[in-house]
A.B. asks: 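Below: one structure in structure tokens.
Chain naming here is simple, since letters A, B, ... match the order of the sequence lines and numbering starts at 1 in each. Heavy-atom basis, side chains included; hydrogens, waters and symmetry copies ignored.
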Amino acid sequence: MREQLTERMASQWHPIAAISDLHKRHVFQTELLGHELAVWRADDGYVNVWENRCLHRGSRLSLGINDGAELVCAYHGWRYSSRTAGCTYIPAHPSDAPAQTVCNRVYPVSLKYGLVWAALDQPENTPDIGLPETAEPLVLRSLLVGGSVEAVKGHLEIAEFALPPRVDEAGAEFELEAHPSNPLCYLNFSTDDSVSVRFILQPFDGARTVVHGLYGPALEDGSRLPVLRHYNTLLTKFREAFESENMVLAEQSGEGFDSPTSVGRNFDSVVAVEVEAEVSKRWEVASGVVGMELRPVEGEFSTFQPGAHLDLHLPNGLTRQYSVINGPGEQGYFQIGIKLEEESRGGSLFLHQEVQEGDRLRISGPHNNFGLRRDVPRTVLLAGGIGVTPLVAMAQSLHRSDLDFSLDYFVQSKEHVAFEERLDGLGAHLQIHTGLSPDETIQIVKEKLGAYDYLSQVYCCGPPPMISAIREQALILGWPPETVHYEYFENQTVLNDESIFQVHLARSGLTLDVESGRTILEVLRENGISLPSSCEQGACGTCEVAVLDGVPFHQDVYLNEAEHESGNRIMTCVSRSHSEQLVLDI
Amino acid sequence: MVEKRCEDPVIRDLWHPVAAVPDVVDRGPIRTQLLGETLTVQSKEGGDICVTEEAVQGTGASVDGVSLTPTLPTLQKFGFVWTSLGSPPDSLFDIPEFQESDRWYENSGSFRVHTSAGRAVENFLDLAHFPFVHEGYLGERPYTEVKDYSVATKEGEIWANGCEFYQPIAAVSATEGQVTQYSYRLAHPFCPLLYKTSPLNRERFDVIGIFVQPMTEERACAHQFLCLLDESNDDATIKRFQAVIFGQDKPILENQVPKRLPLEPRAETPIRADKTSIQYRRWLYDLGISYGVVRGSSPEQISVT
């Protein structure tokens, strides 16, 4: 019986806070059916309802910092993006992009009638308490009552509440009626229906319940206070009467519902598959550059990090890569910039000529080979032409942090400046240089870099001759190569054939090639073999597979030396092979 | 809340610290908890210290008003009183530096924390939190990288070597920021030690450690000690420094969910920087410890389906 009720309540909307509880940059903490929640509003208004627990070491996220776009865990500074709860940055490993599996649990959320509603499992409908969609009732002060939701229900059913002063029938007491379709909502009407009050119960945990109240119709500023006072008094009296009768002790809280002990993530493969995206916006960004905004046709896009790119799989068979220009926390869509290449072989030409708003494209990613380190006090960003796109994302991210940075953007002319509206926000960090010769450009680069000071790094992206010149200058000025990060706008990865090896799968009989730059795990997934994984860093042991033959080249930290030596197990996310072939027990 | 009796034979057989010797001598009997049992630690005539288990109601006999309660095995080492609820080994691990004559040794405080002993130990082994939890002391943003280090098992102990971290004030005696070199040593499941570059002599190491007393499954007491080459600082300054550091960790430790340490590797998400903690959790699992932890399914049982 209890189980059934719990199960039913799990897939039902419950109010968990008043929207006005979510102050700017605050993290609100509450519970629903014994699950701790961290609730926070991003600066763009999006309300996030997450499990209140960082998946790394179990720290409550409500201790963390809401920076307006991301939530930063207090223990190790891991950053999680608004909307997806995907990890965007792990400070202990500044050069690694976190795996897509590193994602906290998010709960369904709905904002309605001034309240934040959430559910453990996705409900089929929207929150229903018999109010018109557009109603804007007065949100009463919520009250935590020390009793289970069933016990509180039992008392509300026999309670009689008076209507507030100034309502015609003031003083008369009215019974509460349960809402016909929502057993956790109680109604209180005046006889003439001019006033309706709703009390909605939030099952906090097995021994605590929050009573939320809504009063309609909406009231003028001056007349709210007496109504709020009236109901605060009524509910406080209700709580006192209830608790003195129930003698429920605070220590018993938590009983009745199982507290979640696992993080509740899906450890099965999060494969970077192709998804369908719709072109929701298309606009002229600059001379010869088209901007596109892509939104997922279904579900949500994966979490991106500054510097990440998307693969666009065009109907003509070509695949093209474009950097995501979004700022931190901008997760519902991706924006990219496409320059019409003079010698287009059908990629940019197709996108410019054939693709319109409302069209659909297949995309995969985001991938990140150009991750932004944030463990250096000063970052110099150098952009040439359309190479500005990944640096736009980086600049927006740095602008939100305490780190110093500058963006120098070299373009042919003012008409070629792309994404001006985003760049404008950077203020004095941005300098645009137009119409410079290569020599003049390098002169500015030299001044910008200066002699290496042990406190700086540089990221550059643009035409290959420009990148080569910057790298050369940096070397002359004493910058160590590991501080000079670059991405050629034309991305041509050369495969190193020497590190190719084969995996033979003993159970399915498949033999697969693992090329340089690919992992065994990736190759297995591409061939339809689903393997659970979690950290994808060789640290958690989730993607372990038994080795039947061959010599593994271990690169994990999960197995100990003896296990490495025995060579009979391998972490497929990072380890490779010394022998030409590995035989795996899958 | 009634604590259920600890049935874990492995943890019952270990030596556990229960009090600092000077506290017992100067302040008289100390009542404390170990594995859910209430103990009294008191000094006897002749300088010995005895630990008795509080009689379970109704079972303790008394003679002339003095209750006869079981006396537990006791030893004194590193300035602390150690005891065991089971059959402990003959001796406790050694810290060779403890014998060096030019060192200054101090019990720098016993701090209670509302979490499991395992969580407290793991926090002590963790480098990555320095710039976030101990900013301005043991770490400073943006210097957040944890460089690769090595972890090895040596004679039944876990050692992590070659750890490096940039620290603005590594110790009281530090006058400027330094890249501090660390080695960690797990000499006992609840006794992590760290060896770090001395600000006074970069060739030698200061030894700092905590001996964690599992009071209940979800409460612990961390007894700190320092074995330093530092001569210039007085007692109070060093104690205050250690208290500040622990005070920064305490709210973090008390807000980890669950409080018991999960041993199942998939229960949380470790990264390469957590190498020591990965091996620590596997060690506790292999030792068969079940008290104060969430064992989950065996790491070996996670199979590919």
A.B. asks: Under a 4.5 Å heavy-atom cut-off, does chain A meet the side chain of B:E254, its backbone, both or neither?
C.D. replies: backbone
A.B. asks: Need one label for A:V376: side chain, backbone, both or neither, based on atoms under 4.5 Å from any heavy atom in chain B.
C.D. replies: backbone
A.B. asks: Do A:R53 and B:P258 have side chains that get closer than 4.5 Å, going by heavy atoms?
C.D. replies: yes
A.B. asks: Is the closest side-chain heavy-atom distance between B:V151 and A:V557 below 4.5 Å?
C.D. replies: no
A.B. asks: For B:P131, which atoms come within 4.5 Å of any heavy atom of chain A: side chain, backbone, both, or neither?
C.D. replies: neither
A.B. asks: Grab the two heavy atoms, one from A:P377 and one from B:Y143, that are nearest each other, plus how far apart they are.
C.D. replies: CG-OH, 3.3 Å
A.B. asks: With A:Y558, which of B:R272, B:R282, B:Q279 fulfils side chain to side chain contact (heavy atoms under 4.5 Å, CB included)?
C.D. replies: B:R282
A.B. asks: Could you tell me the separation between the OH atom of A:Y75 and the CG atom of B:N123, rounded to the nearest 0.5 Å?
C.D. replies: 3.5 Å
A.B. asks: Relative to chain B, which of A:L403, A:D556, A:D96 shows the most heavy atom pairs under 4.5 Å?
C.D. replies: A:D96
A.B. asks: Quick check: do A:D402 and B:R141 have side-chain heavy atoms less than 4.5 Å from each other?
C.D. replies: no
A.B. asks: Give, as side chain, backbone, both or neither, the part of A:L61 having an atom under 4.5 angstrom from any heavy atom of chain B.
C.D. replies: neither
A.B. asks: Give me the atom names and distance for the closest heavy-atom approach of B:T269 to A:W78.
C.D. replies: O-CH2, 3.7 Å
A.B. asks: Are there over 12 heavy-atom neighbours, none belonging to B:R219, within less than 6.0 Å of that residue's CZ?
C.D. replies: no
A.B. asks: Rounded to the nearest 0.5 Å, what's the gap from CG on B:N255 to SG on A:C54? Could you check?
C.D. replies: 12.5 Å
A.B. asks: Return the set of residues passing ring pair (Phe, Tyr, Trp, His ring centres under 6.0 Å) with B:F111 (not counting sequence neighbours), or none when no residue passes.
C.D. replies: B:F246
A.B. asks: Are any non-hydrogen side-chain atoms of B:Y166 and A:D375 less than 4.5 angstrom apart?
C.D. replies: no
A.B. asks: For B:E145, which atoms come within 4.5 Å of any heavy atom of chain A: side chain, backbone, both, or neither?
C.D. replies: both
A.B. asks: If you look only at pairs with a residue in residues 122-131 of chain B, which of them pass as a salt bridge (charged side-chain N to carboxylate O under 4.0 Å, His left out), with sequence neighbours excluded?
C.D. replies: A:R57-B:E122, B:E122-B:R281
